[in-house]
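In what follows, a single structure is set out as structure tokens and then discussed.
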Amino acid sequence: MNQNDTLPTGVAVYCASSSDIAPVYMDTARRMGALIASAGLTLVCGGGAGGMMAAAIEGAVDAGGKAVGVLPHFMIEKGWNHPRLTECIDTESMHVRKQTMASMSRAAVALPGGIGTLDELAEIMTWHQLGLFAGQVVIVNTGGYYDDLLRLFESMRAKGFMRGGYIPATVAATPEEAMQIINKER
């Protein structure tokens with residue numbers, strides 16, 4: 001048995017829950033969900049009913065895969081969970097949500113998003129740097145969306161603020177490239 005056979009089968013995807021965005025971002029999320037499902041992996045996400053999150057869920061489910069949403073209880077009470085989730089996990093807080101998503105996942109992917117996505121990305125990169133998350137962390141830089149943030153990360157690295165002198169994430173231009181990075185670990 002390969003040691004990777006014991007890894008979780010999920011891929012955590014962080015992305016925007018806003019629907020007021022360009023179609024290219026929605027297409028990216030839908031493709032990411034479909035590719036995760038096609039690889040026989042499970043989409044693990046924030047479970048929201050809108051925006052890129054909804055597109056990723058629909059992409060995974062439409063491709064015959066599983067989509068697990070992890071939501072704090074208050075979000076479920078407000079009806080923010082996507083109705084097509086294969087499974088909806090109710091957590092007590094945002095922190096427990098992020099911890100649960102990471103524990104279920106062999107990799108984490110940040111698609112374009114807002115402050116919530118940035119929070120999730122920063123935390124999983126920190127956990128990776130500290131050895132608390134062993135999986136790949138992949139930033140999908142659709143249309144250069146993350147260029148400014150990547151320049152900041154490079155500045156932090158160059159000035160000695162990245163432990164070990166490296167940025168604890170790999171950059172991909174497309175969901176397909178992200179899956180190639182994730183599949184290298186399989």
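Hydrogens, waters and symmetry mates are skipped; everything else that's a heavy atom, side chains included, is used. Every value quoted in this text rests on a predicted model; they were computed, and no experiment measured them.
Formation of a donor-acceptor pair under 3.5 Å by the His128 side chain with backbone atoms of Gln136 is not found in this model. Although no hydrogens or angles enter the test, the distance criterion places no donor-acceptor pair under 3.5 Å between the side chain of Thr170 and the main chain of Val138. No donor-acceptor pair under 3.5 Å is formed between the side chain of Ser155 and the backbone N or O of Arg151. A distance-only check finds a donor-acceptor pair linking the side chain of Asn141 to the backbone of Tyr146 [under 3.5 Å].
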* **Worked verdict on Ile36 versus Val109 for side chain to side chain contact (heavy atoms under 4.5 Å, CB included)** => CA-CA 11 Å; Ile36 290 168; Val109 176; 5.7 Å; no

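At a threshold of 4.5 Å between non-hydrogen side-chain atoms, the residues Thr91 and Pro72 count as touching. At least one side-chain heavy atom of Glu154 sits less than 4.5 Å from a side-chain heavy atom of Ile167. Met179 has its side chain out of reach of Glu176: every pair of non-hydrogen atoms, C-beta onward, lies at least 4.5 Å apart. Glu123 has its side chain out of reach of Phe133: every pair of non-hydrogen atoms, C-beta onward, lies at least 4.5 Å apart. Considering only heavy atoms from C-beta on, Leu121 comes within 4.5 Å of Val137 through its side chain. The shortest distance between side-chain heavy atoms of Met101 and Arg97 falls below 4.5 Å. Using a 4.5 Å cut-off on side-chain heavy atoms (C-beta onward), Arg31 and Thr174 make contact. Put simply, the side chain of Met32 does not reach to within 4.5 Å of the side chain of Met52, judged on heavy atoms.
Note that the CH2 atom of Trp80 and the NZ atom of Lys78 stand 4.5 Å from one another [nearest 0.5 Å]. Interatomic distance, Asp147 CG to Leu152 CG, rounded to the nearest 0.5 Å: 12.5 Å.
The stretch residues 111-121 participates, sequence neighbours left out, in these side chain to side chain donor-acceptor pair (under 3.5 Å) pairs: Lys98-Asp119.
Looking at residues two or more places apart in sequence or on another chain, you find a side chain to side chain contact (heavy atoms under 4.5 Å, CB included) between Glu58 and Arg30, Ala54, Asp62, His82, Arg84. Residues passing the ring pair (Phe, Tyr, Trp, His ring centres under 6.0 Å) test with Tyr25, sequence neighbours excluded: Tyr145.
When each of Val96, Leu71, Ile76, Val68 is checked for a side chain to side chain contact (heavy atoms under 4.5 Å, CB included) with Ile89, only Val68 meets the rule.
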